[in-house]
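Quick note on labels: first sequence line is chain A, next is B, and so on, each numbered from 1.
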Number of protein chains: 2
Amino acid sequence: MADHRETLASALRDQIIQGVYAPGQKLSEQTLARDLDTSRNTLREAFRVLSEQGLVDHVPNRGVSVAAPATADVVDIYRARRTIEGGVLAGASPLHPGVDRMREAVERARSAADESDWAVVGTANMAFHAAIVLLADSARLQKVHGQLLAELRLAFLALGDAHGLHAPFLSRNARILELMVGDGPKAAADELERYLIDSERAVLGAYARLGRD
Amino acid sequence: MADHRETLASALRDQIIQGVYAPGQKLSEQTLARDLDTSRNTLREAFRVLSEQGLVDHVPNRGVSVAAPATADVVDIYRARRTIEGGVLAGASPLHPGVDRMREAVERARSAADESDWAVVGTANMAFHAAIVLLADSARLQKVHGQLLAELRLAFLALGDAHGLHAPFLSRNARILELMVGDGPKAAADELERYLIDSERAVLGAYARLGRD
DNA sequence: AAACCCAAACTGTAGAACAATCGTTGCGCA
DNA sequence: TGCGCAACGATTGTTCTACAGTTTGGGTTT
């Protein structure tokens with residue numbers, strides 16, 4: 001087992017994002033270390049990374065558990081998304097290569113929707129918004145935004161509903177892209193702002209229906 | 001030694017930010033563990049946190065060293081700052097309590113400048129921009145922005161010049177605040193954008209003069 | 001001077017051990 | 001029965017030791 005730690009954190013990250021461990025689930029050091037065939041020390045190092053990324057909650061003396069975003073977290077995440085995605089889009093050029101990535105994501109989402117593959121639709125949806133951030137040419141913004149989306153994915157996992165939360169917004173991504181190319185960044189950013197507000201509302205509504213904190 | 005790790009990372013963070021360890025300096029696990037009276041394992045956990053925060057560089061099999069932002073990093077950091085600070089300010093209310101924090105920071109910088117305490121001026125300057133982000137009411141944005149400023153502080157440390165990089169911009173913070181209250185968020189955000197462009201230029205200029213990569 | 005090789009130093013990882021803390025169980029008492 | 005409380009067991013926090021794999025620096029050889 002060579003470069004464990006580097007791999008371990010990202011492997012765990014993928015598993016968490018894909019729902020292998022449910023949001024809120026306790027991650028025992030002993031059990032996980034045994035299952036992942038690694039030592040507690042190495043595992044704990046990976047935990048620090050994931051904790052810093054907001055994917056796991058770490059409570060002193062009580063270990064770590066998969067993050068389970070509360071309503072307040074969802075609100076916070078969407079605030080950050082509006083600032084970052086909105087700011088980037090408003091200040092970007094419609095000629096930036098990242099726009100092609102946006103287009104690709106839209107098409108991927110569309111064809112996945114045709115086949116009713118809602119998991120892929122959700123992934124493509126997020127890829128669209130990640131592509132928006134590409135327009136800023138900032139590695140740091142990309143990283144941060146990726147972490148926001150990862151946290152949000154946990155919220156979706158907790159809701160267990162990919163269809164209802166992504167499908168209605170599919171066409172609006174296309175609309176944003178259309179505005180970006182046709183009417184310029186400002187118009188696109190305005191639509192994005194509305195999109196994010198509505199999306200947030202949908203998630204919060206689902207949370208409320210589930211009676212989450 | 002009780003709650004070491006939680007404390008350790010933030011203690012190390014403070015030391016790094018205050019220049020106890022020079023940017024680029026190698027941080028030996030053995031040496032540091034001995035000096036800080038902790039174990040290698042615990043220290044390594046702290047390293048993961050700092051690495052994730054961008055304050056130290058971690059190269060596999062070669063250990064960690066204090067981050068030494070290159071020109072490309074400075075550019076990246078300022079891109080992120082323009083997006084975040086600009087986006088927050090443009091969308092904020094002049095009546096938000098955070099505006100008072102901005103005012104306090106301006107006054108602190110002013111009185112420190114009167115006493116030629118440039119270190120405090122620098123800190124107050126950064127506090128002003130941190131206060132801007134407060135206007136978003138987003139813990140995540142605050143955290144990210146704080147990490148950007150911390151990284152930038154390393155750049156300033158590498159340049160070893162607090163006066164030349166902060167003094168010229170002192171009055172412009174006041175101007176931004178004035179515009180925010182008087183002419184509204186949009187005008188303030190426009191001035192902030194210009195401020196950040198000029199500030200970036202100043203840092204990059206100093207980098208070029210020092211012949212840094 | 002350049003290429004090569006070797007030994008020392010350091011990092012990466014594992015594992016055992018023990019203290020500190022938390023949760024729970026079960027007992028005693030009202 | 002119900003409540004408080006103490007002891008127990010399990011888990012985390014931290015340290016230490018050990019060793020394999022890499023890097024580094026120096027010396028040797030060509």
Between C/dA14, D/dT22, D/dG13, which one does the side chain of A/Ser39 approach most closely?
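My answer, after comparing the listed nucleotides, is C/dA14.
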
What nucleotide, of C/dT11, D/dG13, D/dT15, holds the atom closest to the side chain of B/Thr42?
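Out of C/dT11, D/dG13, D/dT15, the nucleotide with an atom closest to B/Thr42's side chain is D/dT15.
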
Quick one: is [X] getting a side-chain N or O under 4.0 Å of the [N] phosphate, OP1 or OP2?
| X | N | answer |
| --- | --- | --- |
| A/Thr38 | C/dA14 | yes |
| A/Arg40 | D/dT14 | no |
| B/Lys26 | C/dA9 | no |

Parallel, tilted or perpendicular: rings of A/His129 and A/Tyr195 (30°, 60°)
tilted

Separation of [X] atom [atom1] from [N] atom [atom2], in whole Å?
| X | N | atom1 | atom2 | value |
| --- | --- | --- | --- | --- |
| A/Asp37 | C/dT13 | CG | C1' | 12 Å |
| B/Asp57 | C/dT11 | CG | P | 15 Å |
| B/His58 | D/dT23 | NE2 | P | 13 Å |
| A/Phe47 | D/dT14 | CZ | C1' | 17 Å |
| B/Arg48 | C/dT13 | CZ | C1' | 11 Å |
| B/Glu29 | D/dT22 | CD | P | 17 Å |
| B/Leu43 | D/dG13 | CG | P | 17 Å |
| A/Arg62 | C/dC22 | CZ | C1' | 7 Å |

Other residues, nucleotides, ligands: >12 heavy atoms within 6.0 Å of A/Arg110 CZ
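No - once you tally the heavy atoms of other residues, nucleotides and ligands closer than 6.0 Å, there are 12 at most.
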
Is atom CZ of B/Arg101 surrounded by more than 12 heavy atoms (other residues, nucleotides or ligands) closer than 6.0 Å?
no

5′-ward residue of the pair B/Val64/B/Asn41 relative to DNA chain C
B/Val64

Under 4.0 Å between a side-chain nitrogen and a carboxylate oxygen: does that hold for A/Arg82 and A/Glu200?
yes

With rounding to the nearest 0.5 angstrom, report the CZ to CE distance, A/Arg103 to A/Met180.
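Answer rounded to 0.5 Å: 11.0 Å.
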
